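First the structure, in the form of structure tokens, and then the observations on it.
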Protein chains: 2
Amino acid sequence: MTADRPLRADAQRNRARILAAAEQVFAERGPAASTQEVATRADVAIGTVFRHFPTKRDLLAAIMKDLRQRLLDKAGTLLADGPPGAALFDYFTFLVESSAKVGTVAGLLAEEGTAIEPDEQIAAFTQTFGTLLDAAREAGTVRPDVRLDEVMALLSAATHGALAGAWSDDLRRRTLALLLDALRPRRS
Amino acid sequence: MTADRPLRADAQRNRARILAAAEQVFAERGPAASTQEVATRADVAIGTVFRHFPTKRDLLAAIMKDLRQRLLDKAGTLLADGPPGAALFDYFTFLVESSAKVGTVAGLLAEEGTAIEPDEQIAAFTQTFGTLLDAAREAGTVRPDVRLDEVMALLSAATHGALAGAWSDDLRRRTLALLLDALRPRRS
DNA sequence: AGGTAAGATGAGTGGCGACTCATTTTTGAA
DNA sequence: TTCAAAAATGAGTCGCCACTCATCTTACCT
């Protein structure tokens, strides 16, 4: 389809700067921040932003995609390292901590106000968690009756809560512990 | 201070209509909905809205206050009816279900984008939950080591999650069950 | 080096939304 | 019934923001 020739060097550079700036700005000021501010932060004229991302929505979508990809990649790392029984818990924790730092993450699973079209990446998230859940179930570290949609719902809740509530590190840790305990099998 | 004489009859009527309309509109369209739309829905000119609430922020604040009061009142009812050990769980559930229906509730504890000044009502919420938590602890229906701030954090999470995620009734019920289980003492 | 297409620039446009105010209508008290 | 104060009205102001486009600049190919 689009056999686009590669971008010119300066265009590539600018595209990257815009994405980086946008991620910062939106994380700080929320998705309502103006495109002008992104342009300024990226040290680029506003027209350039619109050349790369014809719509504000497109810009948001691009950031999200980037972010999701990074978070998705982390899953592989965690799965490779620790014992499979713990990976689910570790990844869950990792995602919640990320969302506490990077504001934008909130729109991870259900895309907040500036909704973006259903993405294959969110399917990938669900699938990843499916795998982690199965592994944990097999290792006996989760209750056998916990379902995937419940895990996703809890994740979404924890994520949004951590973001909106601005919990302290300590509170976040304790709350998360409590929450994850809900998934663990009860000691006979 | 403000020894305001009572509002004229038509003014009272309009104030009430505006509040009702605003609650609907903001629940449907989110806090970004225009004041004009509120006015139209209330069948009132836009100037009238601004006479009663000089600022959009004021209007939002008034709605929130109303809503919080209603939710706060419900606590008394629940506490009077059931056994004290269950009241905490019932109220928690009630609040989450409300937020699933009434969009605006999200800003209950931590006020979302359109932040409003620290309110005595949110202190009242915390206090209410403190009471419920103590009662439940005494009745042995919660783990003795669960702290109040953890309960509030979980509530905020569940509330925001239910709102943003648009969970089905079934999913909400199951997720809530899981979450509340986290608070219950483990069977020896 | 020179040419050209891709890209960058930023003043300008249009629309929308919060808020104002001169004017008209309504209320309630005398 | 009368009338002044209170309230309602809604066209208009102002500022902000997404998005455009005529013009200038730059990368890259020969």
Side-chain angles (χ1 to χ4, degrees), chain A residues 2-64 104 111-117, chain B residues 2-64 104 112-116:
Chain A
T2 42
D4 307 308
R5 32 174 61 178
L7 287 177
R8 234 168 61 177
D10 55 346
Q12 271 180 309
R13 203 181 333 119
N14 280 337
R15 193 179 196 297
R17 298 175 90 184
I18 291 168
L19 276 175
E23 188 164 336
Q24 270 188 42
V25 171
F26 289 133
E28 286 169 19
R29 301 264 211 273
S34 76
T35 309
Q36 178 61 62
E37 189 165 348
V38 173
T40 305
R41 184 90 59 115
D43 205 29
V44 140
I46 194 172
T48 305
V49 176
F50 282 99
R51 164 170 267 265
H52 287 282
F53 307 96
T55 270
K56 189 178 182 177
R57 198 192 193 66
D58 292 332
L59 180 52
L60 257 319
I63 288 176
M64 293 303 232
T104 328
E111 320 270 22
E112 63 174 288
T114 326
I116 298 168
E117 79 283 358
Chain B
T2 42
D4 307 309
R5 31 172 61 180
L7 287 177
R8 238 169 58 177
D10 55 345
Q12 270 181 310
R13 205 183 329 120
N14 281 336
R15 191 176 199 286
R17 299 174 90 182
I18 290 168
L19 277 174
E23 187 163 338
Q24 271 188 44
V25 170
F26 290 132
E28 286 170 18
R29 302 264 211 275
S34 75
T35 308
Q36 178 60 63
E37 190 165 348
V38 173
T40 305
R41 184 90 60 116
D43 205 30
V44 139
I46 193 172
T48 305
V49 177
F50 281 99
R51 163 171 267 264
H52 286 282
F53 307 96
T55 270
K56 189 180 183 177
R57 196 190 194 69
D58 291 333
L59 180 53
L60 257 319
I63 289 176
M64 292 304 233
T104 328
E112 64 175 289
T114 326
I116 299 169

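The analysis underlying the following values was restricted to heavy atoms, covering all of them including side chains, and did not include hydrogens, waters or symmetry mates. These numbers come from a predicted model, not from an experiment.
In this entry the distance linking CZ of A:Arg5 with C1' of C:dA6 reads 9 Å, nearest Å. Look at CZ on B:Arg17: it is 11 Å from P on D:dA8, rounded to the nearest Å. If you measure from atom CG of B:Asn14 to atom P of C:dT26, you get 12 Å, rounded to the nearest angstrom. One interatomic measurement links the two molecules: CZ of B:Arg51 to P of C:dC19, which rounds to 17 Å at whole-angstrom precision. Counting to the nearest Å, the C1' atom of C:dG17 and the CZ atom of B:Arg29 are 15 Å from each other.
Side-chain atoms of B:Lys56 come within 3.5 Å of backbone N or O of B:Pro31 as a donor-acceptor pair. The closest donor-acceptor contact from the side chain of B:Thr55 to the backbone of B:Asp58 lies at 3.5 Å or more, if one exists at all.
With rounding to the nearest 0.5 Å, the separation of CZ in B:Arg13 from CG in B:Leu7 is 12.0 Å. We find the CD-CE distance between A:Glu23 and A:Met64 to be 10.0 Å, quoted to the nearest 0.5 Å. Interatomic distance, B:Asn14 CG to B:Arg17 CZ, rounded to the nearest 0.5 Å: 6.0 Å. A distance of 11.0 Å separates CG of A:Asp43 from CD1 of A:Ile18, quoted to the nearest 0.5 Å.
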**Complete:** Reading nucleotides 14-20 of chain D from 5' to 3' and marking B where a protein heavy atom lies under 4.0 Å of the base, S where only the sugar-phosphate is that close, and - otherwise, the string is ---SSBB
**Complete:** A correct 5'-to-3' footprint of nucleotides 24-30 of chain D, with B, S and - meaning base, sugar-phosphate only and no protein heavy atom under 4.0 Å, is --BSS--
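The nearest pair of heavy atoms linking A:Ile46 to A:Ala39 is CA-CB, 3.8 Å.
Regarding contacts with the backbone of C:dG7, every side-chain N or O of A:His52 stays at 4.0 angstrom or more from both OP1 and OP2.
Of the residues in residues 37-45 of chain B, those placing a heavy atom less than 4.0 Å from an atom of DNA chain D are B:Val44, B:Ala45, in numerical order.
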**Asked** What do the steps show when you test B:Thr40 against B:Val25 for side-chain contact (heavy atoms from CB on, under 4.5 Å), and what is the final call?
**Response** CA-CA 10 Å; B:Thr40 305; B:Val25 170; over 6 Å; no
**Prompt:** Given A:Val38 and A:Arg41, is the side-chain contact (heavy atoms from CB on, under 4.5 Å) satisfied, shown in steps?
**Reply:** CA-CA 5 Å; A:Val38 173; A:Arg41 184 90 59 115; 5.8 Å; no
**Message:** Pair A:Glu28, A:Glu37 - check side-chain contact (heavy atoms from CB on, under 4.5 Å), show working.
**Reply:** CA-CA 11 Å; A:Glu28 286 169 19; A:Glu37 189 165 348; 5.5 Å; no
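Side-chain contact between A:Leu60 and A:Phe53 is absent, with no heavy atoms from C-beta onward closer than 4.5 Å.
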